[in-house]
Amino acid sequence: MNEAPRPMSSAADQWETLRRGIDAVVPEDEFRKKLERSIARGVPLRVKYGIDPTGIDVHLGHTVPLRKLRQFQDLGHTAVLIIGNYTALVGDPSGRDETRASLTEAQVEINAKDYLKQVGRIIDLDRAEVHHNGDWFSKWSFLDVLRLMRSTTIGQISAREDFAKRLREAKPVHLSECLYPLMQGWDSVEIKADVELGGTEQLFNLLVARDLQQEQGQEPQVAMTMPILVGTDGTRRMGKSLGNYIGVAESAEAQFGKVMSLPDEPMRPYFTLLTDIPLAEVDRLLGPGVNPRDAKEVLGKAIVAQYHGDGAAEAAAAAFRRRSEGLDPEDIPVVEITRDLLDGEGRVSAPRLIVALGFESSTSNARRTIEGGGFNIGTDRRVITDTKTMIDVTDGLLVRVGKRKIARIKLVS
RNA sequence: GGGUGGUUACCCAAGCGGCCAAAGGGGGCAGACUGUAAAUCUGCUGGCACUGCCUUCGCAGGUUCGAAUCCUGCACCACCCA
């Protein structure tokens, strides 16, 4: 917290770093003025980023603004994280065409703790300010709420694309949701933000703060928006509910595999937004003469290394290569099978074995997998397609289900 | 307060007395193919002691030989009018 501020580089240099991957800075000239003044006076910018603890998985989509925040930190500015434990109770309607399920206070609190732990992988929390917006909102009286609401109109609020769309389609718009942008804006007043980061769809919310700050006699913040990261499907935004995300807490293998499964098109935004690889190098990697697969491997390693270190990233890449060559992984998990599962001759039916190994949730499922040719055993990979086959279970038997599930059996009594 | 529409499997969504374990799509799983766990194609996608049996269509009752489908009540969601 009290670390000596590192000497600041020039405004031009900082701008060069900060503009990478940026979607928009509104208004840009104000930002550059703030930056120059900050450096001239040696007063760090207060850079705000808010997260609502609505779920527990921080994914790469969230890391886009978080990484930007980290860049600000590394340039000597102050990161101010807002944990939106009160805004989460409302639910941010941004970019959604339906109301968010609202959460209970208790859930939100648990999520918030978990969030910070994950965010700490990107942000230097020791040098950051962390606030919960419940710190102020929980003390508010009804009159305070009224005062806040007076600062805008239905017309202004409903100008927002997502609200307008829902109104057009006769879908519900809750009054509480209209409060969301105001609450987020008020957070900026409370912490006297100079800059606020957010995704492009956040622009409306980020600008509401400017009005509120000016009403309170503060210099308005600048909105810096980051592009929305597409998910592993290559088309829709990365999101938990869409199941197309790469979580920062996931294993190195899982992260690497998911990066490799990306279509080719989103590689450039991934490089730009999620790595520090110089843009000239990115151009080379994505240019002619480089196999996109190899470029993707570089990308995967660069991303995984941030969360698991270089060693784990290399290992994940190697394991992936083995798998795509059809080889068994180096570490084959050993699964214990108790003898009483077997019949008098030491055998068990194929579907039951698969369930006992935990590879399928039901024997019906296991049957289907077997019938589809997804089950083979032994070093010779004997494929079994008859669900009635009795498997001779011996110690050390290799069992594979699909491409990714493999186990070496250990017989225990 | 009044009216209308809705609640179906992981999600969306069809079905409106038997041919329904329930169309179609998404997602997922498996197979083929491939630079890839991409794309494409194919199959599967409630459970089990699996040519059969059992449990599912908001909840609880009822009508019927037979209900996801009809009736009654309840709960929840939404829209419209006030």
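We use all heavy atoms of the structure for the numbers below, so side chains are in, but hydrogens, waters and symmetry mates are not. Proteins come first, then strands; the chains are lettered A, B, ... in the order of their sequence lines, and each starts at number 1.
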What are the atom names and distances for every N/O pair under 3.5 Å that joins the protein to nucleotides 42-45 of chain B?
none

Could you run down the sub-3.5 Å N/O contacts of the protein with nucleotides 33-38 of chain B?
residue: B:G35; atom: O2'; partner: A:R293; partner atom: NE; Å: 2.5
residue: B:G35; atom: O6; partner: A:D264; partner atom: OD2; Å: 3.4
residue: B:G35; atom: N1; partner: A:D264; partner atom: OD2; Å: 3.4
residue: B:G35; atom: N2; partner: A:R293; partner atom: N; Å: 3.3
residue: B:U36; atom: O2; partner: A:M260; partner atom: O; Å: 2.5
residue: B:U36; atom: O2; partner: A:K296; partner atom: NZ; Å: 3.4
residue: B:A37; atom: O2'; partner: A:S261; partner atom: OG; Å: 3.4
residue: B:A37; atom: N7; partner: A:R323; partner atom: NH1; Å: 3.4
residue: B:A37; atom: N6; partner: A:R323; partner atom: NH1; Å: 2.4
residue: B:A37; atom: N1; partner: A:R404; partner atom: NH2; Å: 2.4
residue: B:A37; atom: N3; partner: A:R404; partner atom: NH1; Å: 3.2
residue: B:A37; atom: N3; partner: A:R404; partner atom: NH2; Å: 3.4
residue: B:A38; atom: O4'; partner: A:S261; partner atom: O; Å: 3.4

message = A:I391 vs A:F375, test: side-chain contact (heavy atoms from CB on, under 4.5 Å). Steps then yes/no.
response = CA-CA 12 Å; A:I391 309 293; A:F375 175 57; 4.0 Å; yes
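Under 3.5 Å, the side chains of A:R381 and A:N376 contain no donor-acceptor pair of N or O atoms. Side-chain contact annotation: A:Q306 with A:R67, donor-acceptor N/O pair under 3.5 Å present. Using modelled atom types, one finds a donor on one side chain and an acceptor on the other under 3.5 Å when comparing A:N205 with A:Q184. Residues A:E196 and A:S188 have side chains that bring a donor and an acceptor to within less than 3.5 angstrom of each other. Neither side chain, A:Q255 nor A:K258, offers a donor N or O lying under 3.5 Å from an acceptor on the other.
Within residues 341-363 of chain A, the residues approaching RNA chain B are A:S362, A:T363, by heavy-atom distance under 4.0 Å. Taken residue by residue, residues 373-391 of chain A places heavy atoms nearer than 4.0 Å to RNA chain B at A:G373, A:G374.
For the C1' atoms, the distance from B:U69 to B:A14 is 13 Å, rounded to whole Å. Here, B:G6 and B:G24 have their P atoms 23 Å apart, quoted to the whole Å. The same atom, C1', is picked in B:A22 and in B:G15; the two are 8 Å apart, to the nearest Å. Taking the C1' atoms as reference points, B:G18 lies 25 Å from B:A60, given to the whole Å. Distance noted for atom C1' between B:U55 and B:C48: 10 Å (whole Å). Here the separation of B:G62 from B:A68, taken at their P atoms, is 15 Å to the nearest Å. Spacing of C1' atoms, B:G17 relative to B:G3, comes out at 29 Å, to the nearest Å. Comparing the P positions of B:U56 and B:A37 gives an interatomic distance of 41 Å, to the nearest angstrom.
With a cut-off of 3.5 Å on both pairing distances, the Watson-Crick or G-U wobble partner of B:U4 is B:A78. With a 3.5 Å ceiling on both atom-pair distances, the Watson-Crick or G-U wobble partner of B:C10 is B:G26. When both pairing distances are held under 3.5 Å, B:G73 makes a Watson-Crick or G-U pair with B:C59. Using the Watson-Crick or G-U wobble rule with both distances under 3.5 Å, B:A68 pairs with nothing in any strand shown.
Rounding to whole angstrom units, CD1 of residue A:I370 and C1' of B:C50 are separated by 13 Å.
Considering every non-hydrogen atom in both A:A295 and A:L285, the closest pair reads CB-O, 3.7 Å. Considering all non-hydrogen atoms of both residues, A:T17 and A:Q71 come closest at O-OE1, 3.5 Å.
Salt bridge absent: A:K34 and A:E30 never bring a charged side-chain N and a carboxylate O closer than 4.0 Å. Using a cutoff of 4.0 Å between basic side-chain nitrogens and carboxylate oxygens, A:R400 and A:D328 are scored as salt-bridged. A salt bridge does not link A:R368 with A:E371: every distance from a Lys NZ or Arg NE/NH1/NH2 to an Asp or Glu carboxylate oxygen is 4.0 Å or more.
The stretch residues 297-330 of chain A participates, sequence neighbours left out, in these ring-ring contact (aromatic ring centres under 6.0 Å, His included) pairs: A:F256-A:F320.
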Can I get a per-line list of side-chain donor-acceptor pairs under 3.5 Å for residues 222-229 of chain A, giving both atom names and the distance, sequence neighbours left out?
residue: A:T225; atom: OG1; partner: A:D23; partner atom: OD2; Å: 3.3
residue: A:T225; atom: OG1; partner: A:A24; partner atom: N; Å: 3.3
residue: A:T225; atom: OG1; partner: A:A24; partner atom: O; Å: 3.4

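Atoms CD and NZ, from A:E219 and A:K192 in turn, are 13.0 Å apart once rounded to the nearest 0.5 Å.
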